[in-house]
Trainee: 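Here it is, the structure in full.
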Amino acid sequence: MRCADALLEVRGLTKRFGGLTAVAGLDFALHEGEILGLIGPNGAGKSTTFDLVAGSRRADAGEIRLAGEPIGGLAPHEIARRGVMRTFQHNRPFPGMTVVDNVMVGAHARFRCGLWSIVGGLPHARDEERAMRRRAEEIVEFVGLGDRRAADVATLSFGQGRLLEIARALAGEPRLVMLDEPAAGLAPAELERLAAILVRIAARGIAVLLIEHDMHFLLPLAERVVVLNFGAKIAEGTADEIRGHPAVIDAYLGDPTALVERAH
Ligand SMILES: Nc1ncnc2c1ncn2[C@@H]1O[C@H](COP(=O)(O)OP(=O)(O)OP(=O)(O)O)[C@@H](O)[C@H]1O
Ligand SMILES: [Mg+2]
């Protein structure tokens with residue numbers, strides 16, 4: 001489903017770290033149900049862009065709107081409550097907990113008030129907890145970790161850990177999910193599974209902002225791609241437009257496959 005108005009609109013977004021401009025006047029928009037790729041060489045400002053949209057860092061300039069409402073400057077939990085969820089470049093599970101419990105913690109990121117009433121053991125809270133557990137189990141199933149639902153997170157493979165990160169982000173019932181290199185380090189079969197999951201997420205109307213170095217993975221998935229270099233947007237377009245774009249080829253030293261080798 002595509003609405004005329006953008007779900008996420010970023011205008012003139014700028015972030016400096018001392019003398020370094022990590023994000024430089026960035027503009028882009030993202031619609032419901034769209035997969036937008038965000039690419040660029042190491043240090044181009046991709047993860048910092050996520051930090052700014054999610055509110056974990058404050059922009060020095062620019063506007064961020066979600067469904068037309070400004071969200072720049074709001075606290076991270078407030079932005080999460082409005083339906084913006086993200087994953088990180090490295091897995092960050094809560095140790096000593098099962099897969100399903102990790103996903104439930106992900107849900108609390110959005111539905112914060114629930115946590116304390118559950119701890120208090122009030123009857124309605126127990127119902128709420130049961131509903132949240134059912135929902136968490138559904139999400140775990142959705143990402144293909146159903147048979148590991150009761151496993152301690154320490155026993156997950158690296159690839160399963162990546163899927164758990166996505167499950168935790170989905171538990172917050174996002175309108176927009178931002179995934180920071182979800183495919184990095186995955187085996188070919190895991191990549192295929194991940195691609196199918198991302199397509200299904202978008203088909204539910206969720207907007208997906210995807211940082212990815214592996215062009216073989218990204219280009220078939222993303223409807224549009226935004227290319228950053230030194231914090232600035234140097235190109236934007238469909239996969240075909242990006243592949244042949246002179247500035248993009250330049251940024252990757254004439255070899256677009258260098259992106260794959262840069263993956264970490
Ligand atoms: N906390 C910080 N303090 C100072 N500089 C930072 C900080 N975080 C990021 N940077 C710098 O900002 C620039 C953008 O970093 P960012 O992590 O956003 O890049 P990236 O595109 O995600 O790169 P990668 O592909 O390696 O993950 C880099 O030059 C980085 O060194
Ligand atoms: Mg990064």
Side-chain angles (χ1 to χ4, degrees), residues 6-30 34-66 69-80 82-92 109 162 165-166 168-169 172 174-185 198 207-215 217-218 222 224-237 242 247-248 250-253 258-260 262-264:
L7 176 67
L8 177 71
E9 243 187 302
V10 167
R11 293 279 165 255
L13 194 65
T14 299
K15 177 68 185 175
R16 295 181 203 94
F17 293 112
L20 175 97
T21 304
V23 180
L26 178 61
D27 296 336
F28 68 87
L30 174 57
E34 183 182 24
I35 301 178
L36 178 68
L38 186 59
I39 71 168
N42 292 132
K46 306 179 297 293
S47 297
T48 304
T49 299
F50 276 20
D51 293 343
L52 298 174
V53 174
S56 55
R57 289 188 195 283
R58 231 189 149 118
D60 293 305
E63 262 188 26
I64 307 168
R65 288 178 178 269
L66 187 74
E69 298 277 316
I71 58 166
L74 294 181
H77 71 265
E78 188 56 39
I79 294 174
R82 291 175 184 227
V84 177
M85 294 284 150
R86 58 95 56 98
T87 65
F88 293 89
Q89 212 161 328
H90 301 287
N91 292 347
R92 294 181 168 192
R162 294 310 273 162
E165 296 295 307
I166 295 172
R168 288 169 60 196
R175 307 173 73 183
L176 163 65
V177 69
M178 303 191 289
L179 306 175
D180 198 341
E181 300 192 28
L198 299 186
V208 180
L209 184 56
L210 184 59
I211 296 177
E212 195 44 68
H213 281 281
D214 181 344
M215 292 301 107
F217 177 79
L218 178 73
R224 283 184 304 127
V225 178
V226 167
V227 190
L228 295 186
N229 199 18
F230 297 111
K233 182 167 77 176
I234 58 167
E236 177 173 357
I242 292 307
V248 179
D250 234 28
Y252 292 108
L253 309 168
L259 284 159
V260 177
R262 282 160 195 258
H264 46 199

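Quick caveat: nothing in here was measured; it's all calculated off a predicted structure. All residue numbers refer to positions in the sequence shown, counting from 1.
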Trainee: To the nearest 0.5 Å, what is the distance between CG (Asp214) and CD1 (Ile39)?
Mentor: 11.0 Å

Trainee: Can you tell me how far the CD1 atom of Ile79 sits from the CZ atom of Arg86, to the nearest 0.5 Å?
Mentor: 11.0 Å

Trainee: Grab the two heavy atoms, one from Ser47 and one from Gln89, that are nearest each other, plus how far apart they are.
Mentor: OG-OE1, 2.9 Å

Trainee: If you count heavy atoms of other groups shown closer than 6.0 angstrom to CZ of Phe88, is the number above 12?
Mentor: yes

Trainee: How close do Val248 and Ala235 get, heavy atom to heavy atom, and via which atoms?
Mentor: CG2-CB, 3.6 Å

Trainee: For the backbone of Gly40 and the side chain of Lys46, can you confirm whether one donor and one acceptor N or O come within less than 3.5 Å of each other?
Mentor: yes

Trainee: Less than 3.5 Å apart, which donor and acceptor atoms pair up between the side chains of residues 14-30 and the rest of the protein, not counting sequence neighbours?
Mentor:
unit_1	atom_1	unit_2	atom_2	d
Thr14	OG1	Gly12	O	3.1
Thr14	OG1	Gly25	N	3.0
Lys15	NZ	Arg58	O	2.9
Asp27	OD1	Gly12	N	2.7

Trainee: Taking all atoms of both residues into account, what is the closest heavy-atom pair of Arg224 and Leu36, and its distance?
Mentor: O-CD1, 3.3 Å

Trainee: Using a strict 4.0 Å threshold on nitrogen-to-oxygen distance, state whether Glu165 and Arg92 make a salt bridge.
Mentor: no

Trainee: In Å and rounded to the nearest 0.5 Å, what is the CG to CD1 distance from Leu8 to Ile71?
Mentor: 6.5 Å

Trainee: Nearest heavy-atom pair of Leu52 and Ile64: which atoms, and what distance?
Mentor: O-CD1, 3.5 Å

Trainee: CD/Glu9 to CZ/Arg65 distance, rounded to the nearest 0.5 angstrom?
Mentor: 7.0 Å

Trainee: State the OG1-CZ distance between Thr49 and Arg57, to the nearest 0.5 angstrom.
Mentor: 11.5 Å

Trainee: Might you point out which heavy atoms bring Leu228 and Pro41 nearest each other, and give the distance in Å?
Mentor: O-CD, 3.4 Å

Trainee: Output the distance between atom CG (Asn229) and atom CG (Asp250), rounded to the nearest 0.5 Å.
Mentor: 9.0 Å

Trainee: Would His213 and Asn42 count as a side chain to side chain contact (heavy atoms under 4.5 Å, CB included) if you check the C-alpha gap in whole Å, the side-chain angles of each, and the deciding distance to 0.1 Å?
Mentor: CA-CA 9 Å; His213 281 281; Asn42 292 132; 3.6 Å; yes

Trainee: Quick one: closest heavy-atom pair of Met85 and Pro174, and the distance?
Mentor: CG-CB, 3.6 Å

